[in-house]
Amino acid sequence: MLASQYRPQEIEKQAHLEWEASGAHRAMEVPGKPKYYCLSMFPYPSGKLHMGHVRNYTIGDVLTRYHRMRGYNVLQPMGWDAFGLPAENAAMANGVPPAKWTYDNIAYMKKQLKSLGFAIDWERELATCKPSYYRWNQWLFLRMLEKGIVYKKTGVVNWDPVDQTVLANEQVIDGRGWRTGVMVEKREIPMYYMRITDYSEELLAALDTLPGWPDRVKTMQANWIGKSHGVNIGFPYTLDGKRQVLRVFTTRVDTLMGVTFCAVAAEHPLASAAAKDNSKLAAFVDECKRGSVMEADLAQMEKKGMATGLFVAHPLTGKQIEVWVGNYVLMSYGEGAVMGVPGHDERDFAFAKKYGLAIEQVIEVAGKPYCMAAWQEWYADYGVCVNSGKYDGMDFDRSVDAIATDLKAVGLGEKQTTWRLRDWGISRQRYWGTPIPLIHCAGCGDVPVPDDQLPVVLPEDCVPDGSGNPLNKRAEFVNCACPKCGKPARRETDTMDTFVDSSWYYSRYACADNNQSMVDDRVKYWLPVDQYIGGIEHAILHLLYSRFWTRVMRNLGLLQFDEPFTNLLTQGMVLNEIFFRKTGEGRSTYFNPADVDVRVDEKGARTAATLKSDGLPVESAGIGTMSKSKNNGVDPQALIERCGADTARFFMMFAAPPEQTLEWSDSGVEGAYRFLRRLWRFGADRHDAISKGIKGTAHCSKLSENQAAARREVHLVLKQANYDFSKFQFNTVASAGMKILNALERLPESETTVNTEGFSILLRLLCPLTPHVCFHLWSALGYGKNVFSAAWPEPEARALEQDEMELVLQISGKTRGSIRVPSQATREQIEVLAHRSPLAMKYIVGQNVKKVVVVPGRLVNIVI
RNA sequence: GCCGGGAUGGCGGAAUUGGUAGACGCACGGGACUCAAAAUCCCGCGCCCUUAAAAGCGUGAGGGUUCGAGUCCCUCUCCCGGCACCA
């Protein structure tokens, strides 16, 4: 018997018990059975789940359950990206060690994930902050060190001079330290790097082997790697009596004859040399070195520069060219120096205009006038060389070849391929991360920790206070013996970038219990990941580092594949409304949408919003991602407790397609809940009839016209829904479920045959989305024991057949109505029927028919 | 600034390849049931003119290709994601 009322809490709890008892979500290696590894990006244990998690893991769970029903052996694991800055911030705020805070959060969030009914194999759970995981970070780091993939060099960091600490970019606000408020400085410190640039070519080329990745992600990665072809040019000069060469890289050597200055980065050796006895320049160079290291900030800074007083010679004409220091020149790209061609480059133009430097046209584009006199014209288009001596009249390709040849002849340049991608600096001057397994010895230098001393265990009871890395204050951690000479030595206290942790965790899930090796043979069975799901914000860094790391492991013989993620789904963000009031000092107070009343007019359009507590108006700042700072988050817990996990899941899937942003809506949730109540009631009302009814296919021949029409509709919607499933369009799958229920509800209750079949289709179609209610109804109505072992529903061709079909009738491209024609009608017959239809007559009598377009199954267009 | 993406009723969204724009849901309006409320059910719902029908307009803005454009091309505006130490 079925209770008349839908009580999600009860049936969900019961379902969880049954699934747990039967081990329904365990994934075991079954040789020969097709496997499907479905992975969602693991969460950072920030405290409690947010809606972005719920969305991400619901998408993953829908795919997991769908593929199980399709006969795959599916693995869906879960773990914790447990190292990172927020734990240290929480420690500073509450005095709790990051470890305790992290483990408490994991326990709570795990409970929440379980309450959502995800088909996760919890036996494979991992947390990156556990020595059993990060020891393999350390182990692989040492292998990379041996192979020369890891190396040491200096890198630039944000330095807070008051707290005497390195700041993350996130901790720099408007160029100042977040806690001290003082201007941040750039500081160079020694760091360890991974040679991801050794893999530039492969990482770029292999994007073509990833048809299952969204094009936008592949484009972003390709642009990030940034392969460009150009020429490396030398501008000779003499300094301290020695002949030297200033090297620049350009992709536009065709504009070489238009160079009117050169500009170098503040960190460039030439800038330092010139600043030595020029205090004004030294001050300017210092100024450039202050402020944030973020590229976005640098690129938006006002272009500033100062002449060095040094001159270099044009490599082909010998003309003297002044060298400037420019804050828009990045030391990290190319040679840290550029040739200035203000006539044909936007940034050079802005710079030249500001400092009154010469602008010369050396490229002409047909049909595009160049108005030098106005001093506001430049263009970067490709064209033909002019004012360029022997190169005049040459197009881009020819001039590049000619100029490169001439440069080579004088030993001042050759063609070069340059990459935008930089090596990956992994050192972090922070506590809550994987210790870098090195020991610094006065006599032996940097000594790797021997494998048998791994893992280097991070003490779990430190409490950071914002002034540097607490590991430095731990004598028992820092002081150690040199593994080579045995003398007292100093342990490295830098930890690894947390992107290291997330670069290979997907492999570890296959063998999380192995404490003898990083990976084992089970990886061969499960990997690569068939479907990876996560936020679009990870499109570049995390995914690129993972692709790199996979190749490193492959080259060490640990993995047998090139690409870790065969298919990628990038999910959109979850947004909510933002309400605020301005307070005195121009600051804003934000109010949670749950505390705001919104009034509407008789058409449903919004008229006003007021705060519930005081009834006074609040302002709307539109919609934005759910965040603490905008106070617009919705706690999934309250929702689950009130409406159940199925409602939360169904709303998430219905409100928007997975890749798009999703806007939160309380009434939308209410609608989802209403639908599930209707679904339940349909089953409860027809319980007796359906449980006694004949299961299986309803036979067309025995059906009335009414029944056949309803059945046709169900199968038609199913056909579309199956297509949508294959495209991961879960929002239209959800709406297909609603359409099927609408169709079945329109049928009289006595139509048991069609109802029984239709409802079984509906339950199977929806069970990946709302597993609990479908699981319960399926067995309660006697369809079988377990809906997840049932066959996936397929539309029946015979159910879709019909004698007549409707075609749209257009007159000269304007839709005027529709006509009915026999399904088998030929193009000619359709044309005749269309002409004879009263609707067409009305428009074509007395007109000259120029042309008739017939699109089979769609429309007829009579052009007059 | 650079790279990537987006824009469709009051709202979320739908519309396989160019072929009836607005499926499905929310909100809103009207009605039924009820002592009443909640729940539930029925009807309506892009804009404009209108008693109604018909016509006209309509997918961010402007232009183009086509018998036909939300969908393809060009130009522009606004919004969102990333920019290497947030994860």
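Letters A, B, ... mirror the listed sequences (proteins, then strands); counts begin at 1.
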#### Entry: Separation between the C1' atoms of B:C26 and B:U50, rounded to whole Å
29 Å
#### Entry: NZ/A:Lys354: more than 12 non-hydrogen atoms of other groups inside 6.0 Å
yes
### Shortest side-chain distance from A:Tyr545, nucleotide among B:C57, B:C85, B:A87
B:C85
### Query
Do A:Asn223 and B:C3 share a donor-acceptor pair, side chain to base, under 3.5 Å?
no
### Query
Where the side chain of A:Asn169 is defined as all heavy atoms beyond and including C-beta, which of B:A21, B:C41, B:C85 is the nearest nucleotide?
B:C85
### Task
Measure distances between side-chain N and O atoms of A:Gln171 and base N and O atoms of B:C86, and say whether any donor-acceptor pair falls under 3.5 Å.
no
### Message
Does a side-chain N or O of A:Ser735 approach OP1 or OP2 of B:G25 to a distance below 4.0 Å, or not?
### Response
no
### Task
Look at the aromatic rings of A:Tyr532 and A:His542 and report parallel, tilted or perpendicular, splitting at 30° and 60°.
tilted
#### Entry: Donor-acceptor pair present, A:Gln810 side chain and B:G19 base, under 3.5 Å
yes
## Note on the structure
Those residues at least two apart in sequence (or on a different chain) that pass salt bridge (charged side-chain N to carboxylate O under 4.0 Å, His left out) with A:Arg55 are none
### Message
Determine whether a donor-acceptor pair (N or O, by modelled atom type, separation under 3.5 Å) exists between the side chain of A:Gln729 and the backbone of A:Tyr723.
### Response
no
### Message
So if I take every side-chain heavy atom of A:Thr815 and compare against B:A23, B:C85, B:A21, which nucleotide ends up nearest?
### Response
B:A21
### Message
Quick check on B:G82: syn or anti? Syn means the glycosidic torsion is within 90 degrees of zero.
### Response
anti
### Message
Only Watson-Crick and G-U wobble pairs with both distances less than 3.5 Å should count. Give RNA chain B in dot-bracket notation, marking inter-strand partners with |.
### Response
(((((((..(((......[....))).(((((.......))))).((........))..(((((..]....))))))))))))....
#### Entry: Selected nucleotide, minimal atom distance to A:Thr661 side chain, candidates B:C67, B:G13, B:C41
B:G13
### Task
Compare the minimum distances between each of B:G81, B:G13, B:A15 and the side chain of A:Thr625, then state the nucleotide with the smallest one.
B:G81
### Task
Please determine, for the side chain of A:Asn861, which listed nucleotide (B:A87, B:C67, B:C24) has the closest atom?
B:C67
### Query
Sequence neighbours excluded, which residues qualify as salt bridge (charged side-chain N to carboxylate O under 4.0 Å, His left out) partners of A:Glu806?
A:Arg820
### Query
Does any donor atom in the side chain of A:Trp504 or A:Asn137 lie under 3.5 Å from an acceptor atom in the other side chain?
yes
